[in-house]
Amino acid sequence: MTGIDVDYVGRALLRREDRRLLTGAGQFVADLELSRMLHVAFVRSPLAHGRIRTVDLRAAAAAPGVVLALNGADLLRLVPPAPDAQLSLPSKWTAAVQHDFLNPQQPLLAHDKVRFVGEPLAVIVADSRYAAEDAAELANVELDPLPAVVDAAGALAAGAPILHEHFGTNRIGHFTITKGDVAASLAAAPHRLRRRFVHHRYAAMPMECRGVVAAYDARSDAMTIWSATQVVHWLRREAAHVLQMPEARVRCIALDVGGGFGVKGHVYPEDLLIPFLARRLGRPVRWIEDRHEHLLCSAHSRDQVHDVEIGFDDDGHILALDDAFTADSGAWNTLGAGIAYNTAVHLPGPYKIANYSSSATIAVTNKVPNSAYRGAGRPEAAFVMERLVDLVAAELKLEPAEIRRRNMIRADEMPYHAGLLYRDGEPIVYDSGDYPEALEKALDAVGGLVAFRRHQAEERQRGRYVGLGIGCYVEGTGVGPFEGATVRLDPGGKIYVASGACPQGQGMETVFAQIVADQWRVSPDDVVLALADTAAIAMGFGTIASRSTVTLSAAIHHASGKLRDKVFAVAANMLECAPADLELRDSSVGIVGVPGAAVSLAKIAAAARPGWDHSRPSGVDAGLEETHYWEPPTVTWSYAVHVAIVDVDPDLGRVSVARYAVAHDCGTVVNPLLLDGQIAGGTAQGLGGVLLEELVYDESGQLLTGSLMDYLVPTASDVPEIAMIHLAAPSPLNPLGVKGVGEGGAVAPPAAIANAVGDALAPFGIEINRTPIRPEELVAAIRAARSR
Amino acid sequence: MSSPVEVRMIVNGTPRAGRCEPRKLLIDFLREELGLTGTHAGCEHGVCGACTILVDGVAARSCLMFAVQADGATLTTVEGLADGDELHPLQQAFHRHHALQCGFCTPGMLIAALDFLATNPEPSEAEIRDALSAVLCRCTGYQNIVKAVADAAEKMRAAGGAS
Ligand code: FES
Ligand code: FES
């Protein structure tokens with residue numbers, strides 16, 4: 001056995017999960033083959049808004065290979081609808097934040113009205129997908145069209161058609177947060193600016209679409225659901241409810257999942273309908289979403305309009321900020337206040353702003369439901385704040401970086417009380433970090449500001465327009481309420497860890513093996529992980545919101561601590577010493593300072609078994625397994641500064657990203673190789689969002705971007721090399737000192753690119769206050785400026 | 001729906017046969033009839049490249065072909081890249097450079113890279129980026145994929161161009 005005195009945390013270990021994925025041996029939900037499995041296709045609404053007159057499935061049901069065809073009315077008789085639920089929010093939050101919410105629940109199939117194009121009207125089950133799709137074409141659907149609303153302003157206008165008529169309004173959510181005296185400080189401010197900012201609708205777009213397979217075993221009355229989801233325990237809870245089964249009889253598993261980024265982070269109607277069908281038919285049932293369906297029916301994101309006023313002094317100190325915004329939630333509200341509230345509390349970012357108010361209005365529209373996508377409300381916030389800082393700089397004719405330096409919270413001001421409440425109900429306290437240092441390092445990484453300004457002036461002489469843009473953000477990560485870990489000493493001496501965290505490519509099997517290896521002084525190869533399976537642990541939360549490394553590492557730490565006490569008690573009995581004299585070393589427990597006096601973990605496991613001839617001391621019960629559900633005190637604050645240098649072609653409006661740097665702090669780094677991968681991937685998504693990707697609806701609510709030919713995911717030629725600088729101020733809020741990093745990359749690029757394009761086009765006086773940045777609009781703005 | 005027809009092909013060096021409807025897509029035939037689920041469908045409309053395989057030595061999108069069109073052809077899928085337990089230099093380089101996260105695009109990416117290096121064994125970074133634009137990856141931001149392909153190209157050249 002080799003000596004295991006090294007720490008694995010911090011090392012660029014190559015991934016355990018790679019081999020299967022590289023050889024085609026990974027198993028995604030679409031790869032699952034079960035005997036007698038049936039296949040599903042949906043009949044989907046062709047209209048954005050309408051009353052359902054008939055969904056006649058007689059011809060479909062008679063088509064070859066069809067086993068079952070159900071419309072919404074049929075289903076309603078079989079499964080009672082979920083009532084409009086109260087949002088589950090911490091009482092500390094509801095008591096403190098002025099709010100009102102309505103929470104319409106999407107039915108498994110539409111039965112009274114359709115509210116967006118693509119909403120499922122009927123389900124066809126057949127012996128092949130081809131047969132199911134053929135039959136779906138035979139459905140005879142009659143809808144009475146209703147006028148559609150396709151943006152929040154339209155939805156909130158007087159006389160607008162109402163989506164959920166029993167509410168009598170499309171305004172399904174509203175809250176206001178405030179600190180200081182915004183009105184008075186704005187009135188007293190030497191300078192004021194007022195602007196509207198629009199952040200458009202785009203989406204996570206993982207390369208694997210969604211998919212669900214379910215199998216019911218009548219003998220044991222047990223349901224197994226395989227779903228490409230980020231939240232297996234949440235799905236189990238809802239499925240148990242819909243199926244009226246005990247949770248203990250429902251097992252939910254996420255196999256290899258081909259990317260999530262938030263879009264797979266909540267429960268969809270299909271997740272519940274497929275298991276229902278499997279039980280009804282007594283055969284496994286499978287639905288694999290195709291890309292067209294994904295664009296049409298899986299959650300979109302962003303889509304906010306902000307009206308903001310900022311007050312500042314002659315030196316550019318921000319005195320007050322007043323924000324009012326609308327969030328277009330689409331037809332249903334999947335996450336309640338979550339995203340809009342994230343926007344509101346993240347908007348002040350790394351700056352000291354004494355007087356701040358944000359008032360959010362969430363409106364339903366005839367579009368796909370809006371849900372979390374990497375950043376979940378934060379890219380919108382960063383876009384608004386970072387654009388404002390640049391506008392202040394322009395107004396005062398100062399360098400934008402200088403305005404940031406003057407307003408940023410300094411390292412010696414940490415921990416910093418932001419004066420707002422997080423959505424877990426706790427006061428926001430930025431726990432650690434050095435924001436100004438991140439700014440300087442990011443600027444240095446693109447060659448420095450002074451050199452750039454010189455270069456920019458020379459380029460302008462030649463009629464070329466280059467610009468530098470900064471995007472900063474802070475992000476609450478590792479949010480509660482909890483994540484759990486079960487740690488068990490396997491009879492062979494390996495360490496088994498189970499959790500409800502669900503990977504979709506983050507490399508969790510590698511990262512948590514490193515963390516566990518250090519906890520137990522074993523090799524990462526001796527760590528056995530069970531993730532994304534509800535059978536492995538009773539309760540779990542799942543992988544959303546940059547939380548798993550933070551919450552699960554802490555749960556592992558605490559469960560390991562409890563288990564270690566027991567392991568030491570048994571080992572002390574075996575070695576005839578006191579537990580306090582023991583230490584972990586080389587897959588064994590030994591007496592401190594006495595080489596050779598050790599007993600292997602495998603032997604300890606055997607000694608702790610129940611039954612005859614065990615070696616437990618009296619008072620120690622059998623078995624070596626402990627579970628800990630870690631409830632974080634609150635979130636821990638990551639941050640980053642992104643700097644982009646762009647080149648704008650004034651004739652074609654084309655924006656090329658010449659250089660891009662990210663200086664960020666996610667606390668203790670577990671695996672630098674995987675960390676860089678997260679940042680590069682997130683940044684590429686943010687760049688795609690601001691420059692290429694857009695979900696476009698026409699005024700009747702038809703989605704015009706229904707394929708990857710229309711919805712442009714960035715390619716290898718679109719994404720620049722991203723330079724990364726790591727600052728690592730450990731978080732004081734969890735044992736390992738980690739902060740979440742999954743989402744961050746995607747938060748700042750829209751802000752940084754908009755600022756860079758604005759900087760490049762400063763000679764024309766062009767402001768970029770809406771995304772996406774479309775070449776044709778840049779060309780038009782440049783032409784207009786030239787002819788002024 | 002018309003009656004099933006017999007389709008024969010050589011896949012990863014092994015003669016394979018199956019019956020399917022004439023309208024069955026090649027990707028569905030590979031995955032469902034032959035059990036080769038390493039080839040993935042990311043869009044089924046010819047854009048994402050996840051379904052890329054070699055057909056008679058040339059990269060092709062298996063979602064844009066019917067299985068019957070590949071009757072008599074020689075195919076290579078991701079399952080055919082490794083030599084027993086020994087990973088192909090491209091697979092090794094993807095592992096070393098962390099060029100995959102979720103791994104969903106990876107089979108198509110590997111095959112596209114294989115096809116590309118066969119015609120351009122000593123590519124520049126720009127050429128690699130251009131060639132790999134045929135396959136979408138949502139996870140990695142591409143930079144590690146580009147590094148991996150450049151590294152694999154070098155290793156493959158050093159090994160005498162054998163692939
Ligand atoms: S599945 Fe063939 S190109 Fe996307
Ligand atoms: S690794 Fe996930 S799509 Fe490429």
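Letters go in sequence order (proteins before strands), and every chain restarts at 1.
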Under 4.5 Å from any heavy atom of chain B - which part of [X]:
{"X": "Q27(A)", "answer": "neither"}
{"X": "L674(A)", "answer": "both"}
{"X": "R19(A)", "answer": "side chain"}
{"X": "D290(A)", "answer": "both"}

Between F28(A) and H40(B) (judged by ring centroids, cut-off 6.0 Å), do the two rings come close enough to count as a pair? yes
For the candidates D85(B), L132(B), T39(B), which exhibits the highest count of non-hydrogen atom pairs separated by less than 4.5 Å from chain A? D85(B)
Look at A126(B), S133(B), G103(B) and state which one has the largest set of heavy-atom pairs under 4.5 Å with chain A. S133(B)
Could you tell me which non-hydrogen atom of A644(A) sits nearest to which non-hydrogen atom of I753(A), and how far apart they are? CB-CD1, 3.8 Å
Using distance only, find each side-chain donor-acceptor pair of residues 682-690 of chain A under 3.5 Å and give its atom names and separation, not counting sequence neighbours.
residue	atom	partner	partner atom	Å
T683(A)	OG1	I679(A)	O	2.7
Q685(A)	OE1	Y373(A)	OH	3.2
Q685(A)	OE1	R374(A)	NH1	3.3
Q685(A)	NE2	R138(B)	O	2.9

By number, which residues in residues 146-155 of chain B have some heavy atom less than 4.5 Å away from chain A? K147(B)
By residue number, those in residues 68-80 of chain B with heavy atoms under 4.5 Å from heavy atoms of chain A are V78(B), E79(B)
Contacting region of [X] [heavy-atom separation from chain A under 4.5 Å]:
{"X": "L25(B)", "answer": "both"}
{"X": "Q91(B)", "answer": "both"}
{"X": "T140(B)", "answer": "backbone"}
{"X": "L110(B)", "answer": "side chain"}

How would you list all residue pairs meeting ring-ring contact (aromatic ring centres under 6.0 Å, His included) that involve residues 135-159 of chain B, not counting sequence neighbours? none
